[in-house]
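Proteins get letters first, then strands, A, B, ... in listed order; numbering begins at 1 in each. All values below were derived from every heavy atom in this structure, side-chain atoms included, with hydrogens, water molecules and symmetry-related copies excluded.
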Amino acid sequence: MSSPKYPRLDTLAVHAGQSPDPTTGARAVPIYQTASFVFPDTETAASLFNLERTGHVYSRISNPTLSVFEERMSALEGAPAAIATASGQAALHLAIATLMGAGSHIVASNALYGGSHNLLSYTLPRFGIETTFVNGRDLDAWKKAIRPNTRLVFGETVGNPGLDVLNVPAVADLAHNAGLPLMVDATLTTPFLSRPITQGADIVMHSATKFLSGHGVVIGGVLIDGGTFDWERSGKFPTLTEPYDGFHGMVMSEESSVAAFALRARREGLRDFGAAMAPMTAFQILQGLETLHVRMPRHVENTRKIAQFLSLNKAVAHVTYPELASHPDHELTKQLLPDGAGAVISFDLKGGSGNAKDAGRIFIEKLSLFSHLANIGDAKSLVIHPASTTHFRMDADALKAAGISEGTIRLSIGIEHADDLMEDLSKALYAAGKAAGA
Amino acid sequence: MRFLVQQQPAYVYTGGKKFDASKPSVLFIHGTANDHSVWTLQARYFAHHGWNALAPDLPGHGKSFGDAKVSIAANTDWLMNLLDNGNIASAALVGHSMGSLVALDATARYRSRVSQIALIGASVPMPVSDTLMDAALNRPNDAMDMLNIWGHAPQLKWGRNATPGTSTMMAGARSLAQSRPGVMAKDLTACRAFEMDDATLAAIAIPILIVAGSNDLLTPAKAAKALAARLANVTMITLPEAGHSMMQEAPGKVLDALKGFLLP
Ligand SMILES: Cc1ncc(COP(=O)(O)O)c(C=O)c1O
C-alpha cells in the first residue's frame, strides 16, 4: 500500500468543511439563518450544555454555516480548530482576551495594521494590558522586549502597510524559548502564500474582510488554533491550564490536548464578548474561499507587474514590495513567501518642489479605475494614502517605524487586466509629477 | 487528576468530576499514540451521570510519566495497578483500538476486576501492515499520515465534522504529532503481537459490546464481526459512515451505544 495523501490546498479551498446537505441534497453551503437550534429532548439539551455531546445550541457560540467556514480554514492552515469572528479586530481581541488579563504584556512588531496598533497601543492599556512595539527585523529587540508578564508575541506575515516580512520561524523560536506563543496575522498572505503554523506560529488570525472573502462585501475575521503550543509546560496561561469557574471548573488543557485555546475562546470569549459572525457573512466568505487559490496567483502576478512599472516611473521616488531587490526583506521573502508577497504594494511620490502630501492627493484624485477607499484584498484595485486615513492617529515617528512616510501611497492590486491598471496609474502619476514639479 | 501508578505519576481525566470510590467506575482506554482526550465527550457524560469516569493517559502518552509499554499485557498490568491504587475493586472497561485489546486481555488475566467490556474499533488479531510498521520505525511522519488518514472515514476529509469549528482530521494529525518519539512504534508493536485463542475468547462470560464503524479502514467492520462471532455474551453495533476514530467522528452515536450497554 502506498502512503495516503491529504487533499491538496486547492481542493480543500473548494470542499473542506462541507459535503452535500444530507437532508435536502443542497450542494452549496446552506445559510442557517437561525438564532437557535431545537433540542431533540431535555437530556440531550443538558448534554449539549455540559459538552457531553457536540452540536449547535445558539448562533453566538456556533452555527452550521460558520462551522463550514471554520473547518475550511482549519484544513487550509493545517490546524485543529478555528473560530469565526465578527471582524478581524474581533479575532485579535478574542485571542488577547482568551490568553491574558490585566497586568499582562504583549510584544508586537511595530509594522502592524493601524487598527491593531490602535487596540494595542491606546485601548488595551485602559484594561491593564501593555504592549511593547519592536522593529520586527531586529530579533534582539523582540527578545529584549519580553518581560516576565509577557503573554503573547504578535506580528503580521507581511505588515500592512509597511510591508515588512515577519521572520516567522525565528520569532517563533525566540517566543517559544521564553515560554510564549507566537500569533501571526496572515491577512495579507492567506494560506495560499503562507501557512504560518507550518513555520512555527501557534495561533493565526485573518481579517476575512480581505483576500479570503475577496470581493469587499463583508466584514469578518477568523482565529485559528494551531494546537502546537504546550500551555501546561509554559505555565503562564492559567485561563487554559487551571479550573475555570465559568464552566464548572473545566480545565481547557485537560479537556482538549490539541485545541485548548480555541475551546476557551469559544466557550468564554464568544459566549461573553459575543463578537460572533453572521451566517450570511460566513456564506459570502465561503464563496470567496472557493476561488482563493485561483485569485491569489493573479493578484500576485498583477502586483509583480505593477511593482516593476512603478519602479521605472519618473514620478516615483521609492517602491516598497518585499520581492523587490531594494526591499530589506528580499532574501527572507524568497525563503518564506516563494509564491508571492501578496498584493499590497506601496510607493512614495517624489515631493519635488511641492509637498509630498499634495502630490499624493492629486495622484489619488486622478485615478479612475483604482478606488480610493479604506480596504485591501478586493478583486478590484484599491488605493489609499495611509498618513491621512488609516494611520492618521500616528505621529511622524510612529509612522516611520511602521514604514510609512507622509507621501506613501498604498495600493491593493486587484485581478483586473494589469495593462488597464498600469494605464490608470500612468495618467495619475503624470499629473502628480507635474504638480510636484518633478 | 494524578494517580500514582507503578510508582510514577499518571494523568487520569475524570470527566469534570472528582473521583469518588463509592461510585461504579468505567475506565476508558485510548489507542495507539493517542491520549485521554479521545474520550472527553463520553467520559463527561458518564462522570455526570453517576459514574467515576477514568480516562488515563497510558504510560509514555499524554501527561503520564514513564515509558510506553511494548506489550498489551504490560499496559493491562499498569491499568490494574491504577485500579488498585484507586481502591477500585472492579470496573467496566471501554477500549478503543489498542485499548480494546487491553480490555480483552484484562478479562482473561484479571477476571474479577472487570464487570463488562466495550470494544470500539477492535479486531483480533490486530494486523499492522509491514508498510505501516516500517514507517513507524523509520519514517514516523509518514506513519502518522497513514494512521491519521486511514484512521478516519474518507468523507471526513471534506466535512461532516461532529464538533463545530473543529477539523477532525487536522486535530487527529496534531494529536499524533504530539506523541513522544517512538511511542507510535511501540504501540503498534504491542497491537501486532497480541493474540487470543478461540477458547479464551469464548470463555469470556461478562457482557461485551462491540462498536464498529462501517467506514473503518484500520479495523474494518468485517474484522469486528469476525471477533463477535468468537465471543459468547456479545452485542455488536455498527455505526454507519463512521471510521476508526469513532469517538470524534460520531461522538453521539458512540455515547448512545455505551449508554445502552452500561446504564441499567
Ligand atoms: C492586516 C490586517 N489585520 C486586521 C485587520 C482588521 O480586520 P477587520 O477590518 O476585518 O476588523 C485589517 C483590516 O484592514 C488588516 O489589514
Side-chain angles (χ1 to χ4, degrees), chain A residues 1-7 11-12 15-20 22 44 46-47 50-56 61-64 66-84 225-228 230 232 247-251 253-259 262-263 266, chain B residues 1 11 13-18 34-38 40-49 57 62-63 129-132 135 139 142-143 145-150 154-175 177-178 217 248 251-252 255-256:
Chain A
M1 253 190 289
S2 66
S3 289
K5 296 261 183 304
Y6 289 104
T11 311
L12 291 172
H15 289 278
Q18 194 237 3
S19 26
T44 304
S47 281
N50 195 34
L51 293 192
E52 298 160 9
R53 289 182 186 271
T54 63
H56 303 286
I61 312 297
S62 74
N63 170 287
L66 270 64
S67 296
V68 177
F69 167 54
E70 292 165 339
E71 288 154 29
R72 191 164 296 178
M73 287 309 300
S74 298
L76 288 172
E77 296 285 9
I83 298 181
D225 184 352
T228 44
D230 190 337
E232 292 189 354
F247 211 103
H248 306 297
M250 183 181 272
V251 179
S253 60
E254 298 188 351
E255 213 64 32
S256 174
S257 302
V258 296
L263 184 63
R266 189 179 294 279
Chain B
M1 68 181 288
Y11 173 76
Y13 174 76
T14 54
K17 284 284 205 186
K18 288 223 161 54
N34 283 153
D35 66 21
H36 73 277
S37 65
V38 298
T40 47
L41 292 158
Q42 296 84 11
R44 284 185 75 79
Y45 178 88
F46 283 96
H48 287 83
H49 290 81
D57 289 343
K63 307 179 206 300
S129 71
D130 289 341
T131 317
L132 176 56
R139 291 169 286 118
D142 288 353
D145 286 357
M146 292 179 202
L147 262 189
N148 193 49
I149 295 173
W150 293 331
Q155 74 273 10
L156 257 284
K157 290 185 188 110
W158 312 124
R160 303 282 171 84
N161 295 295
T163 304
T166 301
S167 164
T168 311
M169 290 285 287
M170 288 301 128
R174 191 61 229 146
S175 169
Q178 276 175 0
L217 306 176
Q248 287 72 49
L255 175 57
D256 289 339

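Per-residue counts of heavy-atom pairs under 4.5 Å with chain B were compared for A:A82, A:P22, A:A259; the largest is that of A:A82. By number of non-hydrogen pairs under 4.5 angstrom with chain B, the leading residue of A:A81, A:A84, A:A46 is A:A81. Between chain B and the options A:R72, A:E77, A:M73, A:Q18, the largest number of non-hydrogen pairs under 4.5 Å is found for A:Q18. Most heavy-atom pairs under 4.5 Å with chain B, from the set A:G227, A:A16, A:G249: that is A:G227. Of the listed residues (A:T228, A:D230, A:L12, A:N63), the greatest number of heavy-atom pairs within a distance under 4.5 Å of chain B belongs to A:T228. In terms of non-hydrogen atom pairs under 4.5 Å with chain A, the most contact-rich of B:R139, B:H49, B:Q42 is B:H49.
Residue A:P7 comes nearest to B:K157 through the heavy atom pair CG-CD, 3.7 Å, listed as atom of the first residue, atom of the second, then distance. Residues B:M146 and A:S3 share a closest heavy-atom pair of CE-OG, 3.3 Å. Summarising the geometry of B:R44 relative to A:L51, their closest heavy-atom pair is CD-O, 3.1 Å, with the distance given to 0.1 Å. Looking at every heavy atom in both residues, A:Y6 comes nearest to B:D145 through CE1-OD1, 3.4 Å. Here the shortest heavy-atom pairing between A:A79 and B:S167 reads O-CB, 4.0 Å.
In this structure, no portion of B:F46 lies under 4.5 Å from any heavy atom of chain A. Contacts between A:E232 and chain B at a heavy-atom distance below 4.5 Å involve the side chain alone, from C-beta outward. Both the backbone and the side chain of B:P164 come within contact range of chain A, with heavy atoms under 4.5 Å apart.
Of the charged side-chain nitrogens involved, none lies within less than 4.0 Å of a carboxylate oxygen, so that B:K63 and A:E254 do not count as a salt-bridged pair.
Every residue meeting the side chain to side chain donor-acceptor pair (under 3.5 Å) condition with A:E52, not counting sequence neighbours, appears here in chain and number order: A:S47, A:N50. Annotation: side chain to side chain donor-acceptor pair (under 3.5 Å) contacts of B:Q248 (sequence neighbours excluded): none.
A distance of 9.0 Å separates NE2 of A:H248 from NZ of B:K17, quoted to the nearest 0.5 Å. Considering CG of B:L156 and CD of A:E71, their distance stands at 10.0 Å, rounded to 0.5 Å. B:D256 CG to A:T44 OG1: the interatomic distance, rounded to the nearest 0.5 Å, is 7.5 Å. Atoms OG1 and CE, from B:T40 and A:M250 in turn, are 8.0 Å apart once rounded to the nearest 0.5 Å.
A side-chain contact (heavy atoms from CB on, under 4.5 Å) with A:T54 is found for one member of B:L41, B:N161, B:T166 and no other, namely B:L41.
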Audit row: A:S257, B:D35, side-chain hydrogen bond (donor to acceptor under 3.5 Å, both in side chains) steps and yes/no:
CA-CA 8 Å; A:S257 302; B:D35 66 21; 2.7 Å; yes

